[in-house]
Amino acid sequence: MLYQRSSRLFAEAEKVIPGGVNSPVRAFKSVGGTPIFVKKAVGAYLYDEDGNKLIDYINSWGPMILGHAYEPVVKAIVEKAQLGTSFGMPTEIETTIAALAVAMVPNIDKIRFVNSGTEACMSAIRLARGFTDREKIIKFKGCYHGHSDSFLIQAGSGAVTFGSPNSPGVTKGTAKDTLLANYNDLNSVKALFEANPDQIAALIIEPVAGNMGCILPNEGFLEGLRNLCTQHGALLIFDEVMTGFRLARGGAQELFGVAADIVTFGKVIGGGLPVGAFAARREIMDYLAPIGPVYQAGTLSGNPLAMAAGLAMLQSIESDFDLYKRLDAKTAYLERGMREVLSNNEVPHTINRIGSMISVFFDSQAVFDFESAGRGDNDTFKTFFHGLLKRGVYIAPSSYETWFITDALTYEDLDFTIAAVNDVFKK
Ligand code: KE4
């Protein structure tokens with residue numbers, strides 16, 4: 001694998017873009033080496049600027065659940081673009097995708113579209129604070145809800161990868177209203193509610209954590225959060241930017257049978273274009289301007305081009321009845337194969353998986369929260385990352401991230417990947 005062109009492009013990028021990237025996790029800082037510049041992607045494969053073909057296990061961090069350049073999505077974008085890309089005025093397609101999302105996802109009556117997962121989560125918190133007339137929020141160490149100030153406290157994903165889970169620039173005034181709990185630790189949540197009576201507007205959580213690697217909720221954990229929020233008059237917010245439309249048609253709420261008060265979306269809902277959204281039952285959503293007092297807005301929110309991509313994606317998902325069975329089977333196959341070759345090569349590891357979200361940790365003990373996620377051996381992870389990359393397999397360039405499996409992967413791709421993992425570690 002040669003990376004001359006990527007290296008050259010990176011040197012050019014660094015002159016005019018901070019760190020040469022428009023999002024830090026792309027910079028390969030935690031694994032070292034030069035970030036790969038992509039020329040094109042089709043199906044399960046990336047083609048980089050040096051002509052290398054890579055099996056993609058990140059898929060733009062989740063959106064490409066049906067594969068890159070998915071024909072119905074591309075067709076919808078091309079057709080819509082010829083009619084104009086954004087008007088700043090209502091269009092029918094916004095209602096069409098909103099109605100479809102409301103039909104697919106439980107416990108929501110209305111949805112507001114925005115341009116990113118960050119915007120969705122930021123708006124959801126403001127709505128919860130306005131609706132409850134309270135100021136504090138609870139988040140979990142290692143969870144990432146985008147880069148708005150309230151969330152950059154012990155945040156996961158790129159924030160923890162670069163050792164800045166508490167970013168400079170976030171004021172003490174903001175930080176004091178963000179309370180921190182431990183994932184899978186109901187007692188840490190109970191203690192915060194008891195210490196802050198009638199002050200907590202909402203608890204926001206990734207129902208399956210994907211930003212400290214993939215971490216599953218323990219049996220009863222999400223139900224426990226539901227009960228605590230109900231008991232203390234706080235809203236339960238499921239950040240389903242990753243899990244929405246990925247774990248099930250109705251996301252984690254459907255999979256776990258736990259009803260959130262507000263749900264946020266991103267990634268899959270936009271089919272690869274910039275779309276985020278937040279949704280809730282009518283009485284909460286009607287608190288939003290222009291009918292309610294909580295202000296939230298956006299020039300490009302609901303623009304017809306992004307809506308066309310998102311609608312084509314959701315329609316494809318909605319009509320594909322065994323999609324989630326296929327995704328689960330492929331990811332389980334990959335999990336079994338990697339467990340076998342890592343064990344045969346005596347590599348201490350833990351693999352966490354649910355549906356088409358999977359992570360490998362290089363530590364033999366269970367990984368169930370932020371602290372245990374940090375125990376893995378990063379040198380082994382770097383060997384794993386670069387060993388796979390040079391064998392044509394692209395995984396997340398950080399152990400604090402999750403792999404996202406696409407339905408475009410074949411079992412030959414999976415066998416190739418398992419053989420590559422074996423090759424990296426064989427003695
Ligand atoms: P965006 O603003 O990046 O669209 O969404 C923020 C966000 C919110 N909630 C969850 C659960 C998320 O995973 C994300 C974004 N995920 C990261 C990947 N760990 C995006 C990749 C990046 O930062 O470049």
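Being a predicted model, the structure only gives us computed values, none of them experimental. Start at 1 and go down the list; that is how both ligands and their atoms are numbered.
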Can you find a protein heavy atom closer to atom 4 (O) of ligand 1 than 4.0 Å?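 Protein heavy atom within 4.0 Å of atom 4 (O) of ligand 1: present.
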I'd like to know if [X] pairs up with [Y] as an ion pair, taking the criterion as any Lys NZ or Arg NE/NH1/NH2 lying under 4.0 Å from an Asp or Glu carboxylate oxygen.
X    : Y    : value
K330 : D407 : yes
R375 : E371 : no
K141 : D369 : no

Aromatic centroids of F265 and F245 separated by under 6.0 Å: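 Between F245 and F265, the centre distance is under 6.0 Å.
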Side chain, backbone, both or neither: the part of [X] lying under 4.0 Å from ligand 1 by heavy atom:
X    : result
T118 : both
H145 : backbone
H147 : neither

Ligand 1 contacted by E240 (non-hydrogen, < 4.0 Å):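 Outside the 4.0 Å threshold, so no.
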N or O contact, E206 vs ligand 1, cut-off under 3.5 Å: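 Min N/O separation from ligand 1 is not below 3.5 Å for E206.
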For atom 6 (C) of ligand 1, the option (of G62, C143, G146) bearing the nearest heavy atom: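 The residue whose heavy atom sits nearest atom 6 (C) of ligand 1 is G146.
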Do K39's NZ or CZ and the ring of Y47 fall within the cation-pi criteria of under 6.0 Å and 45°?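 No, cation not above the ring by the 6.0 Å, 45° rule.
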Side chains of Y57 and T417: do they bring a donor and an acceptor to under 3.5 Å?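 Yes, a side-chain donor-acceptor pair sits under 3.5 Å.
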